[in-house]
**Q** 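Structure below; questions to follow.
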Amino acid sequence: MHAITASLTRLGAKLSLYALVTAGTGLVLMTIMVAWGVFGRYVLNDTPIWVEAGSLFLMSWFILLGAAVGVRESDHLGFEVGLIMSPPPLRAALTLIGEGLVCAFGLAMLVYGSQLAIGTWSDRMPIIGISRGWDYVPIAAGGGLIALFALEKMLLFATGLTQAPLGFGHFGSEQEV
């Protein structure tokens, strides 16, 4: 069980880092696109029509990938108030139930996001010309990562290990697997 957990944690650390870098890159690109749109509108008097659709497309990616990283790092979708207020014997069960609910939520996002992407794949977004299905791929990708990271946290809790850091700027007394 420890070997599976260790492998999943190493994979989770890499996926989390890639998701965080991708989300950050998307945020920077969206900022540049919006700045170009403002410049085009007020300086050039010619608003680029693709800016709004493109920035909304990027926004869904960096929000959902960032949310998945937040789940892995215990900064998002947690039930800490219930844990703090509960007696110590109940905390273990509540921790597993909470992570199980987050995992189920991520799986639902994966399944239904995939169905939406497949169902709209033949449609085209008129302004940027790509498949409308791409609007729903971030829901499926983010949901898959959320489910994987919640499963990782459940396995870490069950084995008594702690999660591996992202690999940069994450210091503390964590036991790496």
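What you are looking at is a predicted structure, and each value in this text was computed from that prediction instead of being measured.
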**Q** Any idea which heavy atoms bring Leu15 and Leu148 closest together, and the distance?
**A**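 The answer is CD1-CD2, 3.5 Å.
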**Q** Would Thr120 and Asp135 count as a side chain to side chain contact (heavy atoms under 4.5 Å, CB included) if you check the C-alpha gap in whole Å, the side-chain angles of each, and the deciding distance to 0.1 Å?
**A** CA-CA 9 Å; Thr120 59; Asp135 264 347; over 6 Å; no
**Q** Looking at every heavy atom in both Gly113 and Ala140, which two are closest together, and how far apart are they?
**A**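 Taking Gly113 first and Ala140 second, the nearest heavy atoms are C-CB, 4.0 Å.
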**Q** Atom CG in Leu155, atom CD in Glu99: separation rounded to 0.5 Å?
**A**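 Spacing of CG (Leu155) from CD (Glu99) equals 11.0 Å.
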**Q** Between Pro138 and Met109, is there a side-chain heavy-atom distance shorter than 4.5 Å?
**A**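 Sidechains of Pro138 and Met109: no contact.
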**Q** Looking at every heavy atom in both Ala68 and Leu145, which two are closest together, and how far apart are they?
**A**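 Closest heavy-atom pair between Ala68 and Leu145: CB-CB, 3.6 Å.
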**Q** Taking the side chain as every heavy atom from C-beta outward, state whether Phe62 and Met30 have any pair of such atoms under 4.5 Å apart.
**A**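 In contact.
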**Q** Looking at Glu152 and Gly12, what are the two nearest heavy atoms and their distance?
**A**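 Smallest interatomic distance, heavy atoms only, reads OE1-CA, 4.0 Å.
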**Q** Under a single-linkage definition using a 4.5 Å side-chain heavy-atom cutoff for Ile, Leu, Val, Met, Phe, Trp and Tyr, are Tyr42 and Ile32 assigned to the same hydrophobic cluster?
**A**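 Not linked; separate clusters.
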**Q** Output the distance between atom OG1 (Thr25) and atom CG (Leu20), rounded to the nearest 0.5 Å.
**A**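 Between atom OG1 of Thr25 and atom CG of Leu20 there are 9.5 Å.
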**Q** Output the distance between atom CG (Leu151) and atom CE (Met154), rounded to the nearest 0.5 Å.
**A**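 The CG atom of Leu151 sits 5.0 Å away from the CE atom of Met154.
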**Q** If you measure from CD1 on Ile63 to CG on Leu58, what distance do you get to the nearest 0.5 Å?
**A**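 Spacing of CD1 (Ile63) from CG (Leu58) equals 11.0 Å.
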**Q** Does Leu64 belong to the same Ile/Leu/Val/Met/Phe/Trp/Tyr cluster as Phe57, with side-chain heavy atoms less than 4.5 Å apart forming each link?
**A**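 Linked within one cluster.
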**Q** Report the distance from atom CG of Leu101 to atom SG of Cys103, rounding to the nearest 0.5 Å.
**A**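 Between Leu101 CG and Cys103 SG, I get 10.0 Å after rounding to 0.5 Å.
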**Q** Are side-chain heavy atoms of Trp36 and Leu44 found at a separation under 4.5 Å?
**A**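 They are in contact (side-chain heavy atoms under 4.5 Å apart), so the answer is yes.
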**Q** In this structure, are over 12 heavy atoms from other groups packed under 6.0 Å from Ile4 atom CD1?
**A**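 Incorrect, the count does not exceed 12.
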**Q** Taking C-beta and beyond as the side chain, do Thr9 and Arg72 meet within less than 4.5 Å on heavy atoms?
**A**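 SC-SC contact between Thr9 and Arg72 confirmed.
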**Q** For residues Val69 and Ser16, report the shortest heavy-atom separation together with the two atoms involved.
**A**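 Result for this residue pair: CG2-O, 3.5 Å.
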**Q** In this structure, would Trp121 and Ile130 fall into the same cluster of hydrophobic residues linked by side-chain contacts under 4.5 Å?
**A**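 Yes, it is one cluster - the side chains of Trp121 and Ile130 are joined through contacts under 4.5 Å.
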**Q** Is a side-chain N or O of Thr5 found less than 3.5 angstrom from the main chain of Leu156, in a donor-acceptor match?
**A**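 No; judged by distance alone, with no hydrogens or angles, the pair does not exist.
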**Q** Let me check something: do Ile146 and Met59 share a hydrophobic cluster, defined by ILVMFWY side-chain heavy atoms less than 4.5 Å apart, either directly or through other members?
**A**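 The answer is yes; both residues are in one hydrophobic cluster.
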**Q** Is there a path from Leu116 to Val137 through hydrophobic residues (I, L, V, M, F, W, Y) whose side chains come within less than 4.5 Å of each other?
**A**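 Yes: a chain of side-chain contacts under 4.5 Å links Leu116 to Val137.
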**Q** Counting only heavy atoms not in Trp50 (residues, nucleotides, ligands), do more than 12 fall under 6.0 Å from its CH2?
**A**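 Count over threshold, so yes.
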**Q** Is there side-chain contact between Leu65 and Tyr18, with at least one heavy-atom pair below 4.5 Å?
**A**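 No, too far: nothing below the 4.5 Å cut-off.
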**Q** Please say whether more than 12 non-hydrogen atoms of neighbouring residues, nucleotides or ligands are located less than 6.0 Å from CZ in Arg41.
**A**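 Open.
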**Q** Just how far is it from atom CD1 of Ile139 to atom CH2 of Trp61, taken to the nearest 0.5 Å?
**A**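 Between Ile139 CD1 and Trp61 CH2, I get 10.5 Å after rounding to 0.5 Å.
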**Q** Indicate the atoms forming the closest heavy-atom contact of Ser74 with Lys153, along with that distance.
**A**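 Residues Ser74 and Lys153, closest heavy atoms: OG-NZ, 2.9 Å.
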